[in-house]
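All of these numbers come straight from a predicted model, not from anything done at the bench.
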Amino acid sequence: MNVYEAVASRRAVRGFTDQQVPREVLERVLSAAAWAPSGSNLQPWHVYVLTGQPLAELKKRAGERIAAGDSWDEPEYEQYPPALKSPYQERRSSFGEQRYGALGIRREDLEARQRAASANWDCFGAPAALFCYIDRCMGRPQWSDVGVYLQSVMLLLRAEGLHSCTQMAWAKYHRTVAEVLSPPDELLLFCGMSIGHEDVAARLPRTGRAPLDETVTFVDGTPAAGVIR
């Protein structure tokens with residue numbers, strides 16, 4: 001699989017089989033991802049990988065919180081601006097409509113939406129999960145570096161025939177994750193990532209992307225093909 005194929009086939013998979021992911025594959029992926037660039041080579045990511053009984057324990061604890069109706073943990077970072085302006089709000093709304101619409105869930109059916117969202121904390125059935133932390137002292141550029149690292153991990157997983165789904169949802173249960181992982185206090189949980197083989201029977205339509213001229217501006221004096229200015 002070349003890089004273009006890896007990028008094109010990477011998708012947020014929300015349904016996995018129980019086929020196990022060998023540890024040597026995960027080690028190979030994470031060893032290669034360590035070459036992701038970061039400012040001054042700080043490498044500000046701190047990763048925990050869970051499989052087997054530890055992951056089952058985490059899923060169990062999260063499931064118990066869901067069943068008990070526990071409120072989410074106090075947020076440690078702002079996942080989205082409080083008021084998304086256009087076109088970002090429209091893109092977010094379109095994503096929600098597409099995702100829940102594919103599941104046959106109406107916009108006003110909040111209970112069904114919550115049930116669908118709760119699959120996050122079962123890692124969508126995945127047999128492996130990665131939890132990515134960043135030191136609390138780091139700034140915005142280092143958060144950007146973490147994103148570059150995570151994208152590298154996801155593309156390398158595709159090269160191994162695996163799929164993934166990054167999940168900021170786990171930050172809402174960061175205390176439960178900490179109960180299982182016992183990370184140092186100076187680390188903050190950014191996200192989880194479910195990893196495994198896709199359950200094609202649970203596949204949902206892929207979310208679209210904005211046209212290139214909506215997000216990219218070429219400054220070379222030559223109009224893009226098919227674009228009239």
With no hydrogens and no angle check, do the side chains of Ser194 and Gln167 hold a donor and an acceptor under 3.5 Å apart? yes
One should read off an interatomic distance between Arg14 CZ and Arg203 CZ, to the nearest 0.5 angstrom, of 14.0 Å
Heavy-atom count around Asp185 CG within 6.0 Å, excluding the residue itself: above 12? no
Are Leu162 and Met154 linked, directly or through intermediate hydrophobic residues, by side-chain heavy-atom contacts shorter than 4.5 Å (ILVMFWY only)? yes
Hydrophobic clustering (ILVMFWY, side-chain heavy atoms < 4.5 Å, transitive) - are Leu188 and Val47 grouped together? yes
In terms of relative ring orientation, are Tyr77 and Phe190 parallel, tilted or perpendicular, with 30° and 60° separating the classes? tilted
Taking a hydrophobic cluster as the set of Ile, Leu, Val, Met, Phe, Trp and Tyr residues connected by side-chain heavy atoms closer than 4.5 Å, whether directly or through intermediates, do Leu50 and Tyr133 fall within one such cluster? yes
Expected list for residues 141-151: side-chain donor-acceptor pairs under 3.5 angstrom, two or more places apart:
unit_1	atom_1	unit_2	atom_2	d
Gln142	OE1	Gly139	N	2.8
Asp145	OD2	Gly39	N	3.0

Side-chain contact, heavy-atom cut-off 4.5 Å: Arg91 with Glu214? yes
Could you pull out the closest heavy-atom pair between Lys59 and Gly125, with the gap in Å? NZ-C, 4.0 Å
Whether the side chain of Arg136 engages the backbone of Ile134 through a donor-acceptor N/O pair (distance < 3.5 Å, no angle test) should be reported. no
Hydrophobic cluster partners of Met1 (side-chain heavy atoms under 4.5 Å): none
The test is side chain to side chain donor-acceptor pair (under 3.5 Å); show your working for Glu90 and Ser94 and say whether it passes. CA-CA 6 Å; Glu90 291 85 351; Ser94 176; over 6 Å; no
Euclidean distance, Cys165 SG relative to Arg11 CZ, rounded to 0.5 Å: 10.5 Å
Is the shortest distance from a Lys or Arg side-chain nitrogen in Glu24 or Arg28 to a carboxylate oxygen in the other one below 4.0 Å? no
With rounding to the nearest 0.5 angstrom, report the CG to NE2 distance, Asp73 to His174. 4.0 Å
Do the side chains of Arg175 and Glu179 get close enough for a salt bridge, i.e. N-O under 4.0 angstrom? no
Measure across Arg10 and Arg209 and return the closest heavy-atom pair with its distance rounded to 0.1 Å. NH2-NH2, 3.7 Å
Dump the intermediate steps for side chain to side chain contact (heavy atoms under 4.5 Å, CB included) on Ser152 and Trp35, then the final yes or no. CA-CA 9 Å; Ser152 299; Trp35 290 100; over 6 Å; no
Over all heavy atoms of both residues, which pair between Leu157 and Ser164 is shortest? Give the atoms and the distance, please. CD1-CB, 3.8 Å
Side chains of Thr51 and Val21: closer than 4.5 Å at any heavy-atom pair? no
The reported gap from CD in Glu198 to CZ in Phe124 (rounded to nearest 0.5 angstrom) is 12.5 Å
Between Trp121 (side chain) and Ala169 (backbone), is there a donor-acceptor pair under 3.5 Å? yes
Specify the closest pair of heavy atoms between Pro127 and Asp18, including all atoms of both residues, with the distance to one decimal. CB-O, 4.4 Å
Straight-line distance of Phe131 CZ to Leu55 CG, nearest 0.5 Å: 6.5 Å
Quick check: do Arg65 and Arg61 have side-chain heavy atoms less than 4.5 Å from each other? no
To check you understand the geometry: which heavy-atom pair defines the closest contact between Tyr173 and Ile66, and what is its length? OH-CG1, 3.5 Å
CZ of Arg206: more than 12 outside heavy atoms within 6.0 angstrom? yes
Single-linkage hydrophobic cluster Met193~Leu181, side-chain heavy atoms < 4.5 angstrom: no
Residue pair Ser9 / His163: nearest heavy atoms and the distance that separates them: O-CE1, 3.5 Å
Between Leu30 and Leu130, does a side chain to side chain contact (heavy atoms under 4.5 Å, CB included) hold up when you go through it step by step? CA-CA 10 Å; Leu30 295 173; Leu130 173 156; 3.9 Å; yes
Any chance you could measure Met138, atom CE, to Leu187, atom CG, to the nearest 0.5 Å? 10.0 Å
Cluster overlap Leu189 with Trp72, hydrophobic side-chain contacts below 4.5 Å: yes
